[in-house]
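The structure appears right after this line, and notes come after that.
All ligand and atom numbering here is 1-based and tracks the order in the structure.
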Amino acid sequence: MPARQTITIIGGGVIGLTTAFALVREGHDVTLIERHDATGREASYANGGQLSYRYVKPLADAGVVREAIGWLLRENSPISLRLRADPHQWLWLAAFLRACSRRTNRRNAALLLDLALSGQRELQVWREEGLGNFLWRRPGKLVLYRNAETFRKAAESAVQTAGDASQEQALSPTACIAAAPAFADLLPRLAGGIFSPQDEVGDCHLFCEALRAALAKESGFRLVHGVATLRRDARGQCEVMLDGQDFEAGLVVLAAGIASRALARPLGLGLPLYGLKGYSLTYRPSPDFLPEISVTDYDNRVVYARLGERLRVAAMVDIGAEDTSLDPRRIAGLRALVARTLPGMPVMEDEPPWAGLRPATPTGVPLVTRTRIDNLLLNVGHGALGFTLSVGSALRIRDIVARRDGKGGSA
Ligand SMILES: Cc1cc2nc3c(=O)[nH]c(=O)nc-3n(C[C@H](O)[C@H](O)[C@H](O)COP(=O)(O)OP(=O)(O)OC[C@H]3O[C@@H](n4cnc5c(N)ncnc54)[C@H](O)[C@@H]3O)c2cc1C
């Protein structure tokens with residue numbers, strides 16, 4: 001067990017909370033600062049609910065630009081692009097384009113897979129040790145493809161990425177519908193699907209609540225509500241201010257989602273984070289309709305996950321959206337897409353739509369690392385996979401903290 005340290009985490013989303021949990025379990029004294037009165041209220045609130053451990057390929061890939069141009073011309077496109085007079089947007093897009101090669105994609109997918117699978121193993125331990133209910137299930141996930149060539153490539157790369165063919169199975173269109181009968185209307189248009197039997201689902205907000213409740217029982221943990229700001233002191237260390245007052249922070253872990261970029265700027269750190277806006281809808285269909293497995297409609301980039309008695313549907317990447325306001329056109333577009341995909345769905349209730357900003361790096365790989373500032377670590381930039389990668393990233397921070405006590409090399 002490493003020496004007990006005083007650690008301050010900025011941000012009470014899924015990343016900050018899992019980090020706090022991993023560090024408290026190691027015996028550290030942890031304070032988590034969250035600006036809202038509640039935790040898990042921003043990007044971690046009503047996301048797609050998929051713990052998509054086997055399907056972590058970054059968006060930046062060879063051919064994606066051609067595909068994106070096709071999407072941008074479509075009505076109800078999964079991607080919308082609003083170019084702004086904002087150098088940060090241009091630099092981020094340029095870095096994204098540089099990452100669009102097959103080699104880079106494979107390398108980054110392998111890094112993400114490693115992070116994801118280590119988190120899956122640890123989450124099992126946390127659940128078995130009594131972490132509260134967050135509607136967790138392991139039903140497996142099916143990615144549906146309409147285009148034969150895209151499906152063929154996905155089948156090839158799924159096995160290569162996973163390195164273990166038994167973990168991912170290519171299914172025929174009829175086998176897809178046998179696994180997910182709610183999607184029967186798609187049958188004539190399907191080329192096939194990739195099924196990952198070990199993938200899981202859960203309600204990310206309830207997961208945050210379960211972590212908060214578990215942390216509240218720990219004597220080494222403190223949750224403080226207030227706005228943190230960061231600056232460098234005369235020795236070059238990171239100092240935390242809480243609501244404008246000095247705060248005794250010790251080691252600092254920045255985990256403030258998309259706000260991390262602005263927070264790090266006064267420290268001289270330019271984080272390559274961009275907020276990719278997405279939307280979710282939550283339906284309460286009649287119970288016999290709910291699909292057991294989680295499903296991704298690849299061509300429309302829509303994910304469907306059963307969370308208890310509800311069906312969570314999440315989609316859309318709006319590049320250049322600056323806030324989480326609900327764009328009525330995009331919501332109507334998503335509703336229409338769901339109605340076309342699941343025309344037989346008997347909806348009993350419909351919860352309010354939601355929008356969030358995915359804190360994305362151009363490569364899709366989060367920054368889980370030390371910095372050149374001795375007492376500052378980063379756990380940011382989890383993009384579209386923050387729920388999936390949260391526990392693995394928390395373990396990585398735990399290990400970096402342990403190495404600060406002379407147990408190993410740099411991160
Ligand atoms: C539509 C959509 C669908 C998604 N679907 C999935 C999915 O199916 N599976 C998956 O794995 N991921 C999914 N994601 C991604 C995932 O939701 C995010 O990657 C993840 O929630 C990011 O967590 P975070 O803790 O970094 O950020 P956040 O949840 O945004 O948390 C950051 C926290 O920091 C706090 N904060 C910010 N600034 C300050 C400050 N100055 N002082 C104090 N506190 C501060 C904020 O209030 C906030 O609570 C989806 C995202 C979206 C938008």
## Note on the structure
On a heavy-atom basis, the closest approach of Val64 and Cys100 is CG1-SG, 3.7 Å

### Summary
Arg137 meets the side-chain hydrogen bond (donor to acceptor under 3.5 Å, both in side chains) criterion, sequence neighbours left out, with Glu292

### Task
Can you tell me which residue pairs pass the ring pair (Phe, Tyr, Trp, His ring centres under 6.0 Å) test with a partner in residues 262-298, sequence neighbours excluded?
His88-Tyr274, Trp92-Tyr274, Tyr145-Tyr298

### Query
Is Gln50 reaching over with its side chain to a backbone N or O of Lys141, donor-acceptor style, under 3.5 angstrom?
no

Output block, N or O contacts of ligand 1, threshold 3.5 Å exclusive:
unit_1   : atom_1 : unit_2 : atom_2 : d
ligand 1 : 5 (N)  : Gly48  : N      : 2.8
ligand 1 : 8 (O)  : Gly49  : N      : 3.3
ligand 1 : 8 (O)  : Gln50  : N      : 3.1
ligand 1 : 9 (N)  : Gln50  : O      : 2.8
ligand 1 : 11 (O) : Leu385 : O      : 3.4
ligand 1 : 11 (O) : Phe387 : N      : 3.1
ligand 1 : 11 (O) : Thr388 : N      : 2.7
ligand 1 : 11 (O) : Thr388 : OG1    : 2.7
ligand 1 : 12 (N) : Ala384 : O      : 3.0
ligand 1 : 12 (N) : Gly386 : N      : 3.4
ligand 1 : 17 (O) : Ala43  : O      : 3.0
ligand 1 : 17 (O) : Asn47  : ND2    : 2.9
ligand 1 : 19 (O) : Gly383 : O      : 2.7
ligand 1 : 19 (O) : Gly386 : N      : 3.1
ligand 1 : 21 (O) : Ala43  : O      : 3.4
ligand 1 : 21 (O) : Ser44  : N      : 3.3
ligand 1 : 21 (O) : Ser44  : OG     : 2.9
ligand 1 : 23 (O) : Ser44  : OG     : 3.3
ligand 1 : 25 (O) : Val14  : N      : 3.3
ligand 1 : 25 (O) : Ile15  : N      : 3.1
ligand 1 : 29 (O) : Ala43  : N      : 3.4
ligand 1 : 29 (O) : Ser44  : N      : 3.1
ligand 1 : 29 (O) : Ser44  : OG     : 2.5
ligand 1 : 30 (O) : Ala43  : N      : 3.2
ligand 1 : 38 (N) : Arg35  : NH1    : 3.4
ligand 1 : 41 (N) : Ala228 : O      : 2.9
ligand 1 : 42 (N) : Ala228 : N      : 3.0
ligand 1 : 44 (N) : Arg35  : N      : 3.1
ligand 1 : 47 (O) : Glu34  : OE1    : 3.4
ligand 1 : 47 (O) : Glu34  : OE2    : 2.7
ligand 1 : 47 (O) : Arg35  : NE     : 3.1
ligand 1 : 47 (O) : Glu42  : OE2    : 3.3
ligand 1 : 49 (O) : Glu34  : OE1    : 2.6
ligand 1 : 49 (O) : Glu34  : OE2    : 3.3

### Summary
Sequence neighbours excluded, the answer for side-chain contact (heavy atoms from CB on, under 4.5 Å) partners of Cys208 is Val14, Leu17, Ser44

### Message
Within the supplied structure, the quantity of interest is the number of heavy atoms (other residues, nucleotides, ligands) at a distance under 6.0 Å from Arg329 CZ; does it exceed 12?
### Response
no

